[in-house]
There are 2 protein chains.
Amino acid sequence: MSVTIKDIAKLAGVSHTTVSRALNNSPLIQEETKERIRVIAEQLDYTPNYNAKSLVLDRSYNLGLFFTTLSKGTSAGFFYEAIRGVNSVIQDRYQLIVKGIDDYTSFHSITRKSFDGIIVVSQSDDDQGIIDHIAGKGIPLVVLNRPVTTAGVLNVLSDEEQGAFLAGSYLIEQGHSRIALIEGRQGFKSAQNRKDGFERAMKHYQIRVPEAYRIPGLYDLESGHKAMQQFLLLKERPTAVFCCNDEMALGAMKAISEAGMQVPGDISVVGFDDTVFAAYVTPSLTTVRRPIEQISTEGAIRLLGNIENKQHETEQLLLKTELIVRESVRSLSS
Amino acid sequence: MSVTIKDIAKLAGVSHTTVSRALNNSPLIQEETKERIRVIAEQLDYTPNYNAKSLVLDRSYNLGLFFTTLSKGTSAGFFYEAIRGVNSVIQDRYQLIVKGIDDYTSFHSITRKSFDGIIVVSQSDDDQGIIDHIAGKGIPLVVLNRPVTTAGVLNVLSDEEQGAFLAGSYLIEQGHSRIALIEGRQGFKSAQNRKDGFERAMKHYQIRVPEAYRIPGLYDLESGHKAMQQFLLLKERPTAVFCCNDEMALGAMKAISEAGMQVPGDISVVGFDDTVFAAYVTPSLTTVRRPIEQISTEGAIRLLGNIENKQHETEQLLLKTELIVRESVRSLSS
DNA sequence: CATATTTATGCACACGTTAACAATAGTCTT
DNA sequence: AAGACTATTGTTAACGTGTGCATAAATATG
């Protein structure tokens with residue numbers, strides 16, 4: 001079996017209480033005693049049993065990192081950056097437990113005993129159920145990527161509506177008036193926000209978008225590809241397409257080139273997210289940058305603060321999005 | 001505080017032992033008693049304290065999923081598929097703890113008490129340290145993606161050397177003889193394997209590859225881009241380039257088109273991994289498919305089997321790689 | 001020098017669960 | 001009908017750790 005503080009106690013000729021205090025660097029214990037005990041612990045390669053610690057200290061040392069889904073509609077880049085961001089903050093202090101919300105059949109097992117804090121990377125309003133559950137249990141919680149108003153819940157997200165507005169406005173300012181939209185996955189909040197921002201730009205500049213210029217997508221390459229094929233069948237084709245993420249934009253560009261047309265010569269394309277490959281496709285993709293990694297680091301920092309101060313300060317942090325102009329949009333105004 | 005089996009016992013008028021047995025569906029307890037207890041547990045919204053369970057049962061309900069690094073050199077797609085694959089297998093039974101090996105300052109905290117099993121997605125020979133540690137502690141372990149010979153360790157990987165051989169051979173069969181190589185990240189086993197396979201193909205067909213035709217990369221877009229720029233400066237440019245992953249291939253294609261040249265008209269490009277975007281770039285990328293998700297599901301299945309049977313069957317599973325021919329290679333033979 | 005105070009350590013219990021063993025009542029066997 | 005057996009439940013200890021309180025020794029106080 002593994003070595004416990006009692007084993008150390010026996011060797012050091014003290015009680016296990018003293019060992020516990022010594023290893024936790026309690027001021028009650030004499031410095032020499034501490035040192036003697038530390039040496040023995042080291043020699044025996046002692047590791048505390050975290051289950052026992054958790055039981056008595058009422059802390060789990062676990063952080064939950066929950067995504068709306070791991071299997072459908074979450075893009076690899078987004079997922080990766082979110083985990084990276086959180087991981088860079090927590091270092092050694094916590095274990096990071098990654099889970100898809102749609103894998104839960106019941107939230108029953110999510111308790112204050114099993115998670116010291118939880119980060120929900122929320123992509124859908126449907127996540128409200130788990131958010132309410134977590135908040136109801138009094139577990140420190142931060143929700144990323146989607147606005148929530150639940151009391152006591154921290155919230156970090158980017159202003160996607162504004163980003164989409166910038167993208168739409170940019171297309172118009174470049175002289176486009178026949179502008180189509182490939183929407184995000186239905187039920188995803190980001191899909192709604194980006195569409196809203198786009199529509200606001202259209203309204204602001206009084207550009208009419210016919211119904212045939214709006215097609216819902218699934219945030220993946222294939223759906224962007226298919227949607228663009230639809231647009232290409234229209235008698236009056238759009239001169240520009242705003243795609244609600246970069247992957248769909250890439251799919252759309254593929255469809256355009258397969259049809260023997262050019263980006264941006266024949267049709268301009270704008271994406272959203274500024275994924276790593278956006279700068280490297282040909283032509284490079286004009287898109288909206290969303291600070292995913294920053295969102296997740298900020299979220300993690302706030303969560304840890306909240307856990308350690310035990311105070312539940314509610315605060316919403318809205319990070320800016322930014323239009324990144326590259327080569328995939330043609331100016332018609334000159 | 002939260003409700004415990006003792007609370008239930010009091011209400012049911014039985015001992016807490018009986019409650020424990022009832023909730024674990026022990027055959028020792030009368031069916032009516034069980035049912036009565038279950039109802040009360042339900043009403044009180046009882047959730048077992050897993051730390052207490054862990055302490056006495058000597059199981060943590062945790063599975064570790066360790067990557068060589070989370071911050072440098074692991075591509076998003078790879079990371080995503082690996083987690084997805086493992087997650088799809090473990091469902092509710094375990095918590096999945098994701099970590100970067102390079103985040104560990106000491107492996108001290110990795111014990112049989114804290115992990116029921118561990119999956120190491122290994123990309124570098126440097127991971128041998130943690131593998132030895134885990135195996136030494138007697139924790140069930142499966143290593144993915146890199147061959148290991150440590151006793152008692154399960155191993156699932158794809159035959160990358162063979163894949164690279166196929167890619168190299170294909171280029172030669174298409175009539176290429178000036179073939180360059182953009183290597184993977186130094187220290188990564190995959191980089192070595194892919195290079196080896198490529199070299200074997202060259203040797204097999206007696207094609208000489210000058211030193212200037214080999215440049216080390218970092219597995220990211222930028223390094224592929226830079227490497228290709230180097231090749232373009234050569235007096236005698238290669239007619240084809242084998243890139244050790246798709247991201248570098250995309251970077252390379254970008255450099256080619258920036259130089260005003262065409263893929264595959266002027267230079268052919270082959271990648272490795274068959275990431276999701278490979279089919280959607282223009283021209284679509286000829287590459288080697290590696291069954292990442294299958295590797296991770298197979299690995300997870302074997303690990304669980306090993307944990308539950310408690311037998312440590314050592315076995316290496318080598319999955320096939322496959323050349324996916326698309327448009328990025330030109331045939332010179334016709 | 002007697003008492004008060006500080007310092008260092010130990011004792012006993014608690015956290016929530018499971019399990020070996022004991023106990024009780026009812027049933028079967030011959 | 002006495003002993004053996006079975007079914008059901010309870011008693012108690014254990015897992016490894018932290019902590020309130022008691023204790024003992026050392027030191028300070030007046």
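First the proteins, then the strands, lettered A, B, ... as listed; each starts at 1.
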Practice item. Whole angstrom is fine here: how far is it from NZ in A:Lys6 over to P in D:dG18? Key: 12 Å
Review point. Side chains of B:Asn51 and B:Leu55: does their closest heavy-atom pair fall under 4.5 Å?
Key: no
Exercise for review: Enumerate the residues from residues 23-39 of chain A whose closest heavy atom to DNA chain D is under 4.0 Å, giving them by residue number; use none for an empty result.
Suggested key: A:Asn24
Review point. OP1 or OP2 of C:dG16 sitting under 4.0 Å from any side-chain N/O of B:Thr4?
Key: no
Review point. Would you call the rings of B:Phe79 and A:Tyr80 parallel, tilted or perpendicular, where under 30° means parallel and over 60° means perpendicular?
Key: perpendicular
Check your understanding: So how far is it from A:Ile295 CD1 to A:Leu317 CG, rounded to the nearest 0.5 Å?
Key -> 8.5 Å
**Study point:** Presence of A:Thr18 side-chain N/O under 4.0 Å of C:dT9 phosphate oxygens OP1/OP2
**Key:** no
Exercise for review: Indicate whether OP1 or OP2 belonging to C:dT18 is found under 4.0 Å from a side-chain N or O atom of B:Lys53.
Suggested key: yes
**Study point:** Closest nucleotide among C:dA12, C:dT18, D:dG16 to the B:His16 side chain
**Key:** C:dT18
Check your understanding: Atom CG of B:Asn51 and atom C1' of D:dG18: how far apart are they, to the nearest Å?
Key -> 14 Å
Point to revise | Distance under 6.0 Å and angle within 45° of ring axis: A:Arg59 vs A:Tyr61 | key: yes
Practice item. Determine the contact category for B:Tyr50: base if any of its heavy atoms lies under 4.0 Å from a base atom, sugar-phosphate if only primed atoms, P, OP1 or OP2 are that close, otherwise nothing. Key: nothing
Practice item. Would you classify B:Ser20 as touching base, sugar-phosphate or nothing, given that sugar-phosphate means primed atoms plus P, OP1 and OP2, and contacts are heavy atoms under 4.0 Å? Key: base
Check your understanding: Among the nucleotides C:dT17, C:dT18, D:dC21, which one has an atom lying closest to any side-chain atom of B:Leu57?
Key -> C:dT18
**Study point:** d(CG, B:Leu55; C1', D:dT17) in whole Å
**Key:** 8 Å
Review point. Of the nucleotides D:dC21, C:dG16, D:dT11, which one has an atom closest to the side chain of B:Asn49?
Key: C:dG16
Check your understanding: Looking just at side-chain N and O atoms, do B:Thr68 and B:Asp127 make a donor-acceptor pair shorter than 3.5 Å?
Key -> yes
Review point. Do side-chain atoms of B:Arg21 reach the backbone of B:Leu28 as a donor and acceptor pair under 3.5 angstrom?
Key: no
Review point. Looking for any heavy atom pair under 4.0 Å, which part of the strands does B:Thr17 touch: base, sugar-phosphate only, or nothing?
Key: base
Exercise for review: Please confirm whether the backbone N or O of B:Ser60 pairs with a side-chain atom of B:Asp116, one donor and one acceptor, at under 3.5 Å?
Suggested key: yes
Practice item. Among C:dA20, D:dT17, D:dG16, find the nucleotide with the atom closest to the side chain of B:Arg21. Key: C:dA20
